[in-house]
Structures are given as structure tokens and as C-alpha cells.
K.L.:
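Here you go, one structure.
Nothing here was measured: the structure is a model prediction, and the numbers come from that model. Ligands are counted one by one from 1 in listed order, and the atoms in each one are counted from 1 as well.
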Amino acid sequence: MRKKIALIGSTGSIGRQVINVCERYPDLFQLVAIAANTGGGLFFEQAEKLRPAFAALRAEGETPAGIPAHTRFARGEEAFEEACGYPDADVVFIAVTGFAGLKAALTAIKAKKDIALANKESLVAGGSLVMPAAERAGVRIIPVDSEHSALWQCLAFDRGAPFSKLILTASGGALRDVPLEKLSDMAAKDALAHPNWDMGAKITIDCATMLNKGFEVIEAMHLYNAPLEKIEVVMHRESIVHSMVAFADGAVLAQMSYPSMELPIQLALTYPERLPSNAAPLDLVKLSALHFSAPDPARYPCFFLALKCAERGGDMPCALNAAGEVAVQAFLHGQIKFTQIAEIIEETLGRISPRAAESYALLEDTDANARRIARSMLP
Ligand code: MG
């Protein structure tokens with residue numbers, strides 16, 4: 001029996017790699033539904049090639065030519081939600097970026113579908129809704145983010161296993177060696193040139209500010225039920241150790257491989273089995289050394305702002321995410337300097353009164369409010 005997958009966010013970097021994995025193992029996996037926020041040629045090419053039973057675009061518009069006859073095509077919010085809880089799917093792979101992923105995750109859980117979760121915002125902003133809902137519905141949440149997959153592997157695929165510390169690694173991003181006083185001169189193209197990973201634009205900028213690592217700390221708190229003090233972040237420029245778990249006896253397990261998202265993506269679908277992937281064999285002699293150091297608060301203020309939000313909890317991580325999305329888009333469009341990303345986030349957070357994250361409606365309100373505040377600071 002092939003595993004049936006609904007892929008939410010098929011055209012992005014992660015979505016395309018999910019498709020690679022499905023094409024590598026056509027006897028194991030079948031894409032029954034694909035969905036994306038906006039269309040474009042790639043989405044229709046995918047529909048034609050993959051022949052899913054259902055293809056959904058979130059954005060309203062015309063029904064395009066080129067959808068194969070056996071694929072039912074629909075547009076709009078309702079269609080997108082149908083794909084997120086697609087009745088015939090065994091697992092919903094959530095690969096959309098941004099706050100939109102939260103609704104996708106909650107919809108899949110409501111439909112009692114196991115989730116492979118590559119969207120970090122759904123846990124950052126809505127982890128306190130998503131985790132208990134998943135538990136009540138009895139659905140599995142399978143981590144896909146490379147750090148959280150590494151932790152999960154070190155915990156023998158048991159998110160509930162005991163540990164004494166989770167140690168996340170951070171590459172430091174594209175600007176890690178730029179002198180501090182030159183950071184404000186850096187343009188989007190500089191920050192987008194990540195030394196180790198090839199990813200979407202938003203997350204690549206979030207790596208350069210290390211806001212991404214702050215998000216990942218919050219994600220880890222939810223996925224592994226970990227208080228902030230049991231999570232440590234270390235700089236590791238080679239991106240070979242994807243994260244580590246320390247245990248009560250002092251042992252530390254690490255998961256190592258060359259950076260490739262296809263490994264955690266494939267493992268999310270095949271675990272506990274491990275099958276050949278596109279990952280090259282690790283040449284330790286050639287690597288010869290791995291380096292670790294502490295994050296620098298002067299270089300990475302966004303990371304430390306995220307830790308404050310993690311500590312404060314409630315809807316503050318949701319506000320952090322919203323302010324970050326606005327600031328990063330503005331930076332990508334050349335409206336603000338790199339160093340203003342942190343300033344806009346900090347200022348926005350200062351103007352938010354924290355509330356308990358008790359419902360999706362409240363988080364939607366916080367998200368909109370934080371975006372409004374952040375936008376008001378743009379030139
Ligand atoms: Mg990651």
C-alpha cells in the first residue's frame with residue numbers, strides 16, 4: 001500500500017523536494033492532493049506531471065487551461081482547506097511558509113490527519129493551539145525542519161523521550177563574517193548568499209539575522225515539551241551537526257550529514273525505516289574539524305529578542321513572527337537596512353500588550369495588529 005500524501009505548498013523549496021522524494025520512491029508514495037498559495041506555471045506543470053486527484057490554489061482567479069482531465073481543480077480558501085484535510089490522504093505535508101501554515105495545520109488536525117510539519121510559523125505562533133489539538137485528535141506531528149528532525153532522530157523518533165538538554169546548531173547565515181559596522185550596508189543579495197543551505201528568501205534572511213534560530217527554539221519547546229532553560233543554541237559554521245541531544249548520564253548524541261533538506265523530508269515519510277537518499281556520504285577526514293561557539297548578542301539581536309518572546313510566551317511569539325515577516329519583506333524590497341529588521345521587531349514588540357494564546361481568532365488579531373504596527377514604521 002502506497003502512502004498517500006497531500007502536499008500543501010507544492011511550489012516552494014520544500015514542496016519541490018517532497019516531490020523529488022515521491023518520485024524517487026514511486027512504489028512507496030502517491031501524491032493525492034497538491035495545494036499552493038498562488039499559481040503560476042510551476043503549479044500547473046506539477047499537476048500535469050503528478051496527476052493528483054485534487055489540486056487547489058488558495059488565491060481566487062480563473063480556472064486555467066492545462067489542468068489534466070483526471071485532476072479536480074478548485075480555487076479559494078475553501079479549496080485550500082479541503083486539500084489540508086484531504087480525506088484520502090494518510091499524511092498532510094505542510095510546506096507553506098508563514099502564518100498561513102497555522103491554519104493549514106489546524107485544518108489537517110481537525111480532519112485527523114498525521115502531519116509532516118515543515119512550516120515553523122504554525123508552532124512559533126500557534127504551538128499552544130496545535131500541540132494540544134494534535135494530542136486530542138490522536139494525530140502525529142512529524143518534524144521536518146532539519147534541527148528538529150535531528151533532535152527527533154537522536155531521541156529514536158520519540159518526541160516524548162526523556163533528555164537533559166536539546167542543543168540546536170546555527171550556521172550564523174550569510175553575513176556571519178561581515179564586520180559589525182558594515183552590517184547596515186548589506187543588501188538583500190548579500191544576505192541571501194547562504195554559505196551552506198539553499199532555501200527560500202524569507203528563511204535565508206532569517207538565518208542571517210538568526211531570527212530563524214529563535215523560531216526554532218520556540219518550535220523545539222513545543223515539539224519536545226521543553227522549557228527554555230533545557231535548550232541551548234551553539235554556532236556551528238560547517239552545518240554538519242544538525243542538532244544534538246544531551247542525556248542524564250552525560251552522553252550527547254548528534255545527527256550529522258551534509259546539509260540537505262531531502263534527508264529530513266524523506267525520513268519524515270519513511271521513518272522508522274531509513275532508505276537511500278540524495279545525501280552524499282560524509283567524508284570526516286576531508287572535513288577534518290568541526291567548530292562550535294556561542295551566539296554573539298551584538299551580531300544577532302533578533303535571536304535574543306526571540307528568546308525573550310519564548311520566555312514571555314502567550315501571543316508574543318506570534319507578534320514576533322508577524323513583525324519579522326513585515327520587516328524582512330521590507331528589507332528584501334530595499335525599503336530598510338539589514339540592521340533595521342531588528343529595530344522594527346523590537347519596537348513592534350514593545351507596543352504589543354501580551355495576551356494568552358487561547359484561540360486562532362486571537363492569534364489572527366495579534367498577527368494583524370503586529371503587522372500594522374510594523375508597517376507603520378516603514379519609510
Ligand atoms: Mg532549520
K.L.:
Is a side-chain donor or acceptor of Arg159 paired with a backbone partner of Tyr224 at a separation under 3.5 angstrom?
P.N.:
no
K.L.:
Using a 3.5 Å cut-off and no angle test, enumerate the donor-acceptor pairs between side-chain atoms of residues 309-327 and protein atoms at least two apart in sequence or in another chain.
P.N.:
from: Asp315; atom 1: OD1; to: Arg355; atom 2: N; distance (Å): 2.8
from: Asp315; atom 1: OD2; to: Thr366; atom 2: OG1; distance (Å): 2.7
from: Asn321; atom 1: ND2; to: Glu325; atom 2: OE2; distance (Å): 3.4
from: Glu325; atom 1: OE1; to: Arg371; atom 2: NH1; distance (Å): 3.4
from: Glu325; atom 1: OE1; to: Arg371; atom 2: NH2; distance (Å): 3.1
from: Glu325; atom 1: OE2; to: Phe99; atom 2: N; distance (Å): 3.2

K.L.:
Does anything in residues 278-316 pair up under ring-ring contact (aromatic ring centres under 6.0 Å, His included), and if so which pairs, sequence neighbours excluded?
P.N.:
His236-Phe292
K.L.:
Salt bridge or not between Asp114 and Lys3? Use side-chain N to carboxylate O under 4.0 Å.
P.N.:
no
K.L.:
Could you tell me which residues satisfy side chain to side chain donor-acceptor pair (under 3.5 Å) with Lys308, sequence neighbours excluded, listed by chain and number?
P.N.:
none
K.L.:
Please determine if Glu147 and Lys213 form a salt bridge, counting it only when a charged side-chain N lies under 4.0 Å from a carboxylate O.
P.N.:
yes
K.L.:
What is the number of protein N/O/S atoms located under 2.8 Å from the Mg ion (ligand 1)?
P.N.:
3
